[in-house]
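What follows is a set of notes on a single structure, which appears directly below.
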Number of protein chains: 2
Amino acid sequence: MSLSIGALARQAGVAIDTVRYYERKGLLAPAGRLASGYRRYGIEEIKQLRFIRRAKALGFSLDDIRELLAVSAERDVARVRRAAQHKLGEIEQRIAELEGIRVGLRALIDECPGHGHADACPILNALSKEPDV
Amino acid sequence: MSLSIGALARQAGVAIDTVRYYERKGLLAPAGRLASGYRRYGIEEIKQLRFIRRAKALGFSLDDIRELLAVSAERDVARVRRAAQHKLGEIEQRIAELEGIRVGLRALIDECPGHGHADACPILNALSKEPDV
DNA sequence: CTTGACTCTGGACCTAGGTGCAGGGTGCAA
DNA sequence: TTGCACCCTGCACCTAGGTCCAGAGTCAAG
């Protein structure tokens with residue numbers, strides 16, 4: 001059984017252009033071709049595209065994923081685990097940043113009466129006042 | 001007292017190109033000019049650039065900030081507060097997404113022994129297995 | 001008057017992850 | 001044979017928020 005690029009894209013839930021883009025970026029090996037030049041795919045490529053989708057959903061970049069695919073082909077479990085841990089660290093850091101912003105913004109909103117003088121609005125004051133951030 | 005673009009950029013802690021970029025984008029009004037064409041700035045612009053920096057640090061995009069500047073010039077406290085609340089909602093949503101990812105990734109890492117067969121690696125399995133996400 | 005630092009404009013370039021298009025060829029069913 | 005859906009390549013374009021550059025003009029100190 002073999003698939004056209006359109007059929008593959010449908011099966012994997014991505015756009016045709018995305019499949020070609022991933023090939024250019026090295027996330028998919030160059031596809032086999034018919035005499036006409038049409039790409040042909042098998043079951044493996046569906047799996048690989050789904051792998052890519054799931055890894056993206058976990059926050060991995062395409063560069064990360066190319067690494068991950070190489071490492072998983074080597075069946076190097078320890079490296080896969082380290083990569084996952086590294087990504088987890090990045091995600092936790094991003095969460096911490098956003099938490100800081102959330103707390104700051106929440107405090108300003110809670111202090112702001114939502115009416116009255118602009119000079120008394122803690123949001124505008126926080127953004128405008130002298131002391132440097 | 002008046003400032004060249006370079007002096008302004010130093011005072012505000014941004015790059016010269018960024019000042020011109022903000023002018024193009026409508027975050028700064030077109031500067032006054034000397035006969036030579038050189039831009040001249042006053043104290044107001046330092047404050048405004050610092051306002052922009054702080055708002056960016058709170059997660060506002062440049063488009064948001066242009067709005068915020070217009071609204072704050074109107075001294076419309078209620079709208080400023082609504083804008084802040086809206087942004088807070090976006091940030092909380094983003095945090096929730098990242099939390100979901102964090103939990104998923106943490107669970108996979110905790111289950112992964114970090115050695116042994118790739119077939120038994122929960123990370124690779126989660127990425128590869130059939131059921132669609 | 002010269003020198004070095006500064007400024008002007010317009011436009012190209014960067015990252016990430018694609019999307020869209022033109023102009024052409026292919027596959028298949030009626 | 002016609003008609004339509006599909007596929008090919010290469011390139012331009014998109015968002016966001018800038019950064020960098022060439023080539024030319026300006027300012028101020030010595």
What is the distance from [atom1] of [X] to [atom2] of [N], rounded to the nearest Å?
X	N	atom1	atom2	result
A/Lys25	C/dG18	NZ	P	10 Å
A/Glu23	C/dT19	CD	P	16 Å
A/Tyr38	C/dT26	OH	C1'	3 Å
A/Asp63	C/dG18	CG	P	12 Å
A/Arg40	C/dG27	CZ	P	9 Å
A/Tyr22	C/dT19	OH	C1'	13 Å
A/Ile65	C/dG17	CD1	P	8 Å
A/Ile16	C/dG18	CD1	P	15 Å

Please figure out whether A/Ala35 or A/Tyr21 has its closest DNA chain C nucleotide nearer the 5' end.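 Closest to the 5' end, via its nearest nucleotide, is A/Tyr21.
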Using a heavy-atom cut-off of under 4.0 Å over every strand shown, decide if [X] touches base, sugar-phosphate, or nothing.
X	answer
B/Leu34	nothing
A/Arg33	sugar-phosphate
B/Arg20	base
B/Lys56	sugar-phosphate

At under 4.0 Å, does any side-chain N or O of [X] touch on OP1 or OP2 of [N]?
X	N	value
A/Thr18	C/dT19	yes
A/Ser36	C/dG27	yes
B/Arg39	C/dT7	no

Any donor and acceptor pair, going by atom type alone, linking the side chain of [X] with main-chain N or O of [Y] inside 3.5 Å?
X	Y	value
A/Ser4	A/Ala7	yes
A/Glu74	A/Val71	no
B/Ser72	B/Leu69	yes
A/Arg50	A/Gln11	yes
A/Arg53	A/Ala12	yes

For the student: nearest non-hydrogen atoms of A/Ser61 and A/Lys87, plus distance: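 A/Ser61 and A/Lys87 have their closest heavy atoms at N-NZ, 4.4 Å.
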Side chains of A/Leu58 and B/Leu108, heavy atoms from C-beta outward: is any pair under 4.5 Å?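 Yes; the side chains approach each other to less than 4.5 Å.
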For DNA chain D, note the earliest and the latest nucleotide, 5' to 3', having some atom under 4.0 Å of a heavy atom belonging to chain B.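 So the outermost contacting nucleotides come out as D/dG17 to D/dC27.
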